[in-house]
Amino acid sequence: MARALAQEPVAEVRTGVRAGMGEVSVGLSLWLAIHDPRWCTLYGDSKLLPPAPVAHGGVRMTSGLAVDGGLAVLTGELAALGFGPRGPELADGLAAHVTAWQEAGRPAADGLRVEAWDLPASVTPPADCLVIDKRDTRLLISYGAAERP
């Protein structure tokens, strides 16, 4: 990945979405982790990463999508930068996730709901739910309204 970041980006897709560091680290990054198996998080010295959405004490952190042949990462303005031959495709996908997160109301960890059912599960998951079948368990992952005291 470091080699890809050393090259110039081959694509940039602007989202028009703005968010603070907290929203990105515990909201958008979690959204990406749940919705796309290509999700990755990069962190390191500020000289190595492009301007990233999370920065503290000379260290930057960003989320992205990675596959053989490409990488896309978020900038501080939540634009998606694509690197490598598959960079444009990944940048488009990453930007689409940012837009979907925005349209879903910027869900964060406090709205996350995880249900675990023994397999074979007789429950029909809701359409807006991510389903992960493990060897003995079916996980249903969704966002709901955060419970407030």
Side-chain angles (χ1 to χ4, degrees), residues 1-116 125-126 128-149:
M1 284 192 214
R3 188 176 306 138
L5 289 173
Q7 306 298 316
E8 289 294 315
V10 295
E12 180 177 2
V13 181
R14 297 195 173 274
T15 65
V17 175
R18 301 285 185 266
M21 287 192 306
E23 286 182 294
V24 172
S25 62
V26 297
L28 180 55
S29 190
L30 180 60
W31 175 274
L32 290 167
I34 290 169
H35 287 89
D36 200 314
R38 304 170 298 175
W39 167 77
C40 67
T41 297
L42 301 171
Y43 64 93
D45 185 286
S46 61
K47 297 173 190 158
L48 300 176
L49 288 177
V54 178
H56 182 71
V59 176
R60 292 182 182 167
M61 189 281 292
T62 188
S63 291
L65 303 178
V67 296
D68 285 342
L71 171 69
V73 296
L74 291 172
T75 69
E77 294 180 353
L78 297 187
L81 295 180
F83 299 85
R86 294 187 61 193
E89 156 199 344
L90 292 170
D92 285 340
L94 185 55
H97 281 301
V98 172
T99 301
W101 173 73
Q102 168 81 9
E103 291 172 353
R106 297 176 176 230
D110 62 350
L112 186 65
R113 179 182 172 109
V114 180
E115 295 181 47
D128 63 345
C129 187
L130 174 67
V131 177
I132 301 173
D133 284 333
K134 305 300 256 175
R135 185 178 58 186
D136 297 317
T137 308
R138 172 171 283 171
L139 300 175
L140 305 179
I141 303 172
S142 62
Y143 285 99
E147 294 183 19
R148 303 282 183 215

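Every value quoted in this text rests on a predicted model; they were computed, and no experiment measured them.
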Please step through side-chain contact (heavy atoms from CB on, under 4.5 Å) for the pair Leu28 and Leu78, ending with a clear verdict.
CA-CA 10 Å; Leu28 180 55; Leu78 297 187; 4.1 Å; yes
Check step by step if side-chain contact (heavy atoms from CB on, under 4.5 Å) holds for Val54 and Ser29.
CA-CA 11 Å; Val54 178; Ser29 190; over 6 Å; no
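Residue Ser63 holds its OG atom at 8.0 Å from CG of Leu42, rounded to the nearest 0.5 Å. In this structure, CG on Leu65 lies 4.5 Å from CG on Asp36, to the nearest 0.5 angstrom. Rounded to the nearest 0.5 angstrom, Leu32 CG and Trp39 CH2 are separated by 8.5 Å. Atom OG1 of Thr15 sits about 9.0 Å away from atom CG of Leu94, to the nearest 0.5 Å.
Looking at residues two or more places apart in sequence or on another chain, you find a side chain to side chain contact (heavy atoms under 4.5 Å, CB included) between Ile132 and Leu130, Lys134, Leu139, Ile141. Qualifying side chain to side chain contact (heavy atoms under 4.5 Å, CB included) partners for Ala100, counting only residues two or more places apart in sequence or in other chains: Trp31. Taking Asp133 as the reference, Arg138 meet the side chain to side chain donor-acceptor pair (under 3.5 Å) condition, with sequence neighbours excluded.
Within the structure, no pair that satisfies the salt bridge (charged side-chain N to carboxylate O under 4.0 Å, His left out) test touches residues 93-104, not counting sequence neighbours. Applying the salt bridge (charged side-chain N to carboxylate O under 4.0 Å, His left out) test to every pair with at least one member in residues 14-27, sequence neighbours left out, gives these pairs: Glu12-Arg14, Arg14-Glu77, Glu23-Arg106. Within the structure, salt bridge (charged side-chain N to carboxylate O under 4.0 Å, His left out) pairs that include any residue of residues 90-102 do not occur (at least two apart or interchain).
Nearest approach of Ala108 to Leu30, heavy atoms of both residues: C-CD2, 4.5 Å. Shown here for Ala19 and Trp101, the closest heavy-atom pair between the two residues is CB-CH2, 4.0 Å. Residues Ala80 and Ala91 come closest through the heavy atom pair CB-O, 3.4 Å.
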Under 3.5 Å, side-chain donor or acceptor atoms of residues 81-90 against the rest of the protein: list the pairs with distances, not counting sequence neighbours.
| residue | atom | partner | partner atom | Å |
| --- | --- | --- | --- | --- |
| Arg86 | NE | Glu89 | OE1 | 3.2 |
| Arg86 | NH2 | Glu89 | OE2 | 2.8 |

